[in-house]
Amino acid sequence: MSDATATAAVAPRAVARRLPGALLLAAAVVVLLALPLYLEAFWLRIGLFSMATAVGALGLTILFGAAGQLSLGHAFFVAVGTYGYAFLSGGDTGHVKGLGLPPIVAAVLATLLAGVCGLLFSPVAGRLRGIYLGIASLGLVFLGHHLLLNLRPVTGGYDGRSVTPFSLGGFLFSDSSDLAVLGVPFGAVESLWYLFLAVTAVATLVARNVLRGRPGRAFRLMRDNEVGAAAMGVRVQRAKASAFVLSSMYAGVAGVLTALAFQRAVPDYFDLGLSIDFLAMIILGGLGSTSGAIVGATFVVALPIVLSRYADALPLVVGPGQDGLDASIAAQFVYGALVVVVMLTQPGGLRAMVHTLRQRRRPPYARRTP
Amino acid sequence: MLDIEGLVVRYGAREPVHHGVSLEVAEAGVVALLGANGAGKTSLMRAVSGTLPLHGGSVTAGSIRFLGQEVAGANPASVVAQGLVQVPEGRHVFGALTVDENLDAGGITVRSREARARTRRQLFEMFPRLAERRKQRAGTLSGGEQQMLAIARALMARPKLLLLDEPSLGLAPMLVKQIGETVRDISREGVPVLLVEQNAAMALSVAHRAYVLELGRVVLSGPADELARSDEVRRLYLGEESGPRPGEARPVPELDRWTA
Amino acid sequence: MKRSRPRVVSAAALALALAVTGCSSKATSSSKNTTPGVTDTTIKLGMLMDLSGAFATSGKTSNTAGQFAVDEINAAGGVCGRKIELVVRDHAYDVQKAVTAYDEVAPQVLGFLNVYGSAITGALRDKISANDMLVGLTAFAPTLLGDPHLIVVGSTYDIQAINAVDWLVREGKLKKGDTLGHIYLQGEIGENSLKGSTYATQQLGLKLASQQIKPTDADLTSQVNAVKAAGAKAILLDSTAKQTAAVVSEAQAAGLDVPVVGNVASFAASLLSTAAAPALLKQYYRVSGIGLLSAQTPAVQKLAEKWKAKFGAQQPESGGAVVLSYFSTHLWAKIIGGTCGDLTRKGVLAARAKVTGFSMDGLGPALDLSDPAQPSSRESQIHRPNKSAYAGMEMVEDFKVSDLAKQYQIKAG
Amino acid sequence: MTRLLELLVNGVSLGLLYALITLGFVIVFKATRVVNFAHASFLLLGVYVVASAQPSIGFGAAALLGLAVAGLLGLATERLLLSRVDRRNHHAMAILTIGLNVVLTAELTRRLGESVLPLGAPWDGHVVKLGPLTLPLTVVLTIVAVPVLIGGLTALLTLTGWGLAMRASIADAEGAALVGIRLRRVSATAWVLAGLLATAAGIGLASFPSPGVSLSIESVAIAAFPAAIIGGFDSLGGAIAGGLIVGVVQVLVAGNQDSLSFLGLGAGDVVAYLVMIVVLLWRPSGLFGSKEFSRV
């Protein structure tokens with residue numbers, strides 16, 4: 001269903017089919033824009049984390065879903081983005097140094113820095129495949145964690161370092177801003193919400209264009225058959241490197257967003273677990289699809305937090321500190337079990353599930369064989 | 001001995017590969033199954049040997065009866081146990097194992113140690129090259145030797161019917177000829193062979209009967225020598241005139257993955 | 001079609017946004033007249049603990065002991081005529097969960113009775129000061145000093161290390177010129193403790209051989225061997241409880257027969273049922289800035305009885321966590337009690353500085369919170385394991401401050 | 001000199017335990033092409049069972065029980081979960097093991113928490129003096145027992161029909177199916193083996209001077225990842241070599257922390273990955289791996 005076919009000349013039936021979609025999208029946009037006026041900081045914070053993570057997942061779904069390069073090192077590149085931003089925008093405080101650049105410049109440079117790290121690793125990435133690449137990139141996570149702990153002046157060591165709030169054109173995205181919209185005070189979470197929404201939207205559009213356009217086709221050709229791809233004029237080494245760099249830059253953006261959402265950079269967040277979560281997200285959502293990456297990320301991020309909050313209302317689960325099944329453990333069980341169930345019933349992920357449902361509902365004439 | 005009727009194979013939700021294929025292999029001799037790439041030959045072989053699930057496919061209609069027993073949907077091990085052994089396209093020898101170990105593995109379903117030793121002696125007479133290289137890893141053998149090994153490995157199971165999938169693929173013309181002779185020898189020893197080939201010249205030279213498969217349908221069948229003389233076969237498969245007929249589609253691209 | 005979509009979207013968005021924003025409930029609820037967490041009858045305090053992660057045992061213990069104190073305070077009429085209520089959240093030692101949980105709890109509470117974990121505290125520090133929040137900690141890092149928003153109960157890790165070295169020398173276990181081995185955890189505990197041991201060894205004419213470990217290290221043979229090769233006559237140890245068992249057994253395995261002094265977090269009662277027990281009973285001591293659960297004072301006995309009443313024969317893994325949480329909850333009540341006329345977060349911060357002589361017999365040293373840049377006490381106790389003592393530990397030496405620790409200058413972080 | 005020797009012996013002992021973990025991991029990968037992300041929690045579960053059963057039934061029986069439970073867990077994973085996924089969809093299966101790992105880790109975290117369960121092995125607490133060396137008995141036993149175990153496994157693989165079937169399926173699954181080898185049975189055995197080997201290694205890791213079974217053992221088991229890669233995934237010898245290399249390098253680096261301070265503190269864990277990346281730059285499929293396997 002490429003957009004190219006949906007020109008004005010398309011039969012009215014097709015337009016009729018697409019119109020509800022557009023309205024749905026419009027409604028979704030409105031809801032997303034209005035949410036900060038209603039939701040408490042708790043929910044907005046979940047939204048911020050979800051969006052930050054979703055951008056990272058988009059990068060991984062390009063790399064793994066389209067180009068077939070398994071990376072377990074995504075957490076490393078996210079860390080580069082986070083600490084890159086914190087260092088470039090931060091000032092000198094005690095032993096911890098910073099360059100004090102304007103936040104927007106720092107954010108862009110941090111993204112590029114993550115890309116450069118990806119580029120530096122691409123000689124390794126280009127030579128390796130499958131599980132070899134996966135575990136080699138896993139090495140980056142351990143290496144990165146080691147550096148985070150030891151490069152004190154840049155990272156602040158085990159204690160981490162605080163993150164300069166984002167500002168753009170004199171507007172400060174922090175709690176000290178005095179802005180109020182319709183009586184709702186716009187603190188850090190409310191204003192960051194819009195920033196994150198914009199970044200996520202751009203990241204999604206770019207990813208969609210990459211996946212649907214020439215690069216995506218080249219990546220998929222390469223994934224399915226390197227020799228064949230080379231025969232069709234794909235420069236395999238270069239395509240691999242560019243997939244890796246692109247995905248690292250996405251991780252870098254995710255890192256910057258993570259820094260802003262946390263308002264502090266701490267080393268323990270960027271561990272193997274984060275890399276594996278990223279992998280679980282994109283596969284749960286549906287490998288190689290942008291919507292899958294976003295849904296997967298939101299699901300993985302929000303589930304444990306929401307479950308903990310509503311622990312009291314859930315059967316079998318006890319509130320914090322009581323004896324019995326803790327909410328957080330229960331969340332882990334649900335997360336793990338859902339991953340297993342989705343893989344057993346819908347190896348194509350949640351997106352495939354939606355797709356099947358939609359096909360079932362659609363009248364037969366509209367059904368297409370994939 | 002082998003009766004296939006109305007067979008339909010599908011890979012997942014894709015279009016079926018076959019549209020009701022029927023064919024028959026007699027108690028003796030060589031039956032050739034010809035067809036272009038994508039005609040559904042390999043899928044048919046997989047359906048018989050029970051290896052379709054390894055490739056995500058399944059038999060959705062029709063029956064495959066071997067010596068009166070239904071084998072469609074059976075697992076490969078029980079198919080082998082019934083005496084139906086396949087040499088797959090691309091040989092699939094155990095590259096990390098020695099020639100001897102490959103043959104051991106081939107005879108893994110044969111209980112009697114003595115019977116295994118006897119078969120092995122016979123095979124080494126038939127394939128002296130393999131005897132010379134018995135301690136060598138199969139991965140280091142040449143293509144032709146690997147094909148011989150794949151055939152010998154299948155014969156170690158003392159099959160009642162041997163299925164040979166594209167044995168000549170990628171081999172030099174001289175080796176192709178040698179393979180043809182081997183096939184003839186095997187059938188002379190009393191093991192009937194179902195030979196799937198793109199190389200129609202070779203196949204028709206050793207076969208007694210032949211079927212021609214096109215886009216999942218049997219379009220021609222009959223005694224091999226008659227088919228070899230027919231215009232259609234000569235034009236399409238024996239290379240006497242090149243290029244596909246107008247209107248004859250190339251294989252559906254999506255299917256390449258499954259049949260390659 | 002493709003081009004027209006954004007127009008549809010933006011028009012619809014605008015219309016809906018106008019319709020929707022007229023009645024935001026958030027706008028009305030966020031008036032800032034009242035202090036969060038305070039009503040006419042209750043005062044709410046938050047606790048952010050690890051109740052399901054790697055440190056769940058400590059978290060649950062602190063939670064229970066804190067609740068004991070709260071029940072006691074409420075039974076005696078509460079503070080400022082109000083009952084204390086706890087809002088407990090589990091962060092499972094996950095920074096992301098902790099930050100969201102903080103966002104959820106912060107608007108509902110006056111302050112935080114306890115925020116557990118250094119990584120967590122680190123991530124929340126900027127928010128804590130932005131919210132004028134007073135926060136109790138289960139940590140003794142001198143780097144936390146100087147921030148009026150954080151309460152560090154008792155002596156800091158560096159002072160405890162100094163007191164420990166001083167004790168080793170006083171007991172004749174170390175003599176001038178001897179080498180002290182110091183195995184310490186990467187992170188706030190170990191590195192601050194190292195500052196203390198470095199200072200003390202310099203002042204006392206000892207040599208120091210230090211080895212760093214990580215919280216996840218399980219096999220510490222090479223570190224123990226390195227300390228042994230340096231000729232250590234005693235070991236100062238900052239580690240997790242599991243690692244303590246590893247170090248004492250490995251020291252024994254390596255034929256290194258010397259006393260090992262650990263910090264307050266380096267022991268758990270269950271270690272006495274492991275293969276390390278004989279070595280622990282023989283070699284291990286613990287330095288602690290807070291009281292001992294098996295101490296014979298009435299206040300401590302009362303607490304121990306409460307635990308026994310609730311859990312029967314099941315003794316706490318960490319007596320220290322029980323004492324600390326109970327003690328600091330009472331400290332909180334004292335602080336709030338000093339600002340009944342101004343029950344705001346700022347009022348609480350000001351009231352903190354008014355507490356200069358808080359003590360509860362045997363539970364902790366006398367605390368002076370007037371200067372946030374100085375530790376609230378410089379005293380330590382020395383304990384040693386004993387299978388028959390409650391929670392597995394008995395007293396060797398009661399609260400005492402060494403001369404060395406008195407003159408030690410703390411550089412607040 | 002003595003110290004270096006001591007470090008070396010300790011390193012070899014640790015490396016042999018890594019080798020066992022890596023072997024299980026590699027065998028599963030080779031037989032089923034599944035990256036088992038739950039391998040470390042198999043190990044922890046097995047040894048947790050040993051430690052919790054040991055007070056009531058004695059160490060010997062508890063060890064057998066732990067092995068049995070981990071083996072059964074492997075079997076159940078294959079039979080109840082993985083066999084329901086299309087066997088070509090290796091991604092789905094790997095992600096499935098991630099889900100399994102999350103559940104197992106959550107449950108073990110809940111049960112173990114911060115506590116340390118004593119293993120109760122008869123060799124716990126014993127020290128052996130060998131000339132100038134003072135070594136825990138565990139180290140000596142590991143150095144003797146693991147090679148015997150690996151030797152036994154090798155003999156099974158080379159001398160028995162079961163081993164032949166195993167190796168044939170690993171070399172070429174389709175070829176194996178076509179000679180009548182039951183692939184499901186082979187995958188099931190591989191998963192059982194993984195559970196057994198992991199538990200055996202876990203018993204070593206939880207033995208004296210380690211204080212017993214605790215959550216941190218799981219993070220130790222992660223070292224099997226770089227070990228498997230250094231050795232090369234398609235060679236059992238490689239798994240052993242990789243395990244040894246990682247063990248020795250880790251212990252040597254940790255033991256010489258002071259002179260290696262330029263690497264930063266706590267470099268022991270990282271150095272395994274550095275070695276791995278260097279090896280991969282030199283040989284993209286590990287020391288003993290063959291080319292095809294990196295094409296998975």
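All chains are named by letter (A, B, ...) in the order of the sequence lines, taking the proteins before the strands, and each is independently numbered beginning at 1.
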**Q** Of all of B:Ala96, B:Gly139, B:Ala105, which one pairs up most often with chain D through heavy atoms under 4.5 Å apart?
**A**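 Top option by heavy-atom pairs under 4.5 Å: B:Ala105.
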
**Q** If you look at every heavy atom in D:Leu164 and B:Asp104, which pair is closest and at what distance?
**A**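 So the minimum-distance heavy-atom pair works out to CD2-CB, 3.4 Å.
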
**Q** Ignoring hydrogens, what is the shortest heavy-atom contact between D:Asp172 and B:Phe94? Give both atom names and the distance.
**A**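 It is O-CE2, 3.4 Å.
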
**Q** In this structure, are over 12 heavy atoms from other groups packed under 6.0 Å from B:Glu114 atom CD?
**A**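 Open.
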
**Q** Count the heavy atoms of every other residue, nucleotide or ligand shown that sit under 6.0 Å from CZ of D:Arg184, and state whether that count exceeds 12.
**A**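 Above 12, so yes.
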
**Q** Check D:Ala171 against B:Leu97 and note the closest heavy-atom contact, atom names and distance.
**A**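 D:Ala171 and B:Leu97 have their closest heavy atoms at CB-CD1, 4.2 Å.
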
**Q** Which atoms of B:Leu54 are under 4.5 Å from chain D, going by heavy atoms: the side chain, the backbone, both sets, or neither?
**A**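 Contact with chain D is through both the backbone and side chain of B:Leu54.
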
**Q** Do any of residues 79-88 of chain B come closer than 4.5 Å to chain D, heavy atom to heavy atom, and if so which ones, in number order?
**A**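 Near chain D, by residue number: B:Val80, B:Val85, B:Gln86, B:Pro88.
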
**Q** Considering non-hydrogen atoms only, spot the tightest contact between B:Thr51 and D:Leu178 and give its length.
**A**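 For B:Thr51 and D:Leu178, the tightest heavy-atom pair comes out as CG2-CD2, 3.6 Å.
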
**Q** Locate the shortest heavy-atom distance separating B:Arg153 from D:Gly175; write the atom from each residue and the value.
**A**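 Smallest interatomic distance, heavy atoms only, reads NH2-CA, 3.9 Å.
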
**Q** At their closest point, which heavy atom of D:Arg182 faces which heavy atom of B:Asn75, and how far apart are they?
**A**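 Scanning both residues, the minimum pair turns out to be NH1-ND2, 3.3 Å.
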
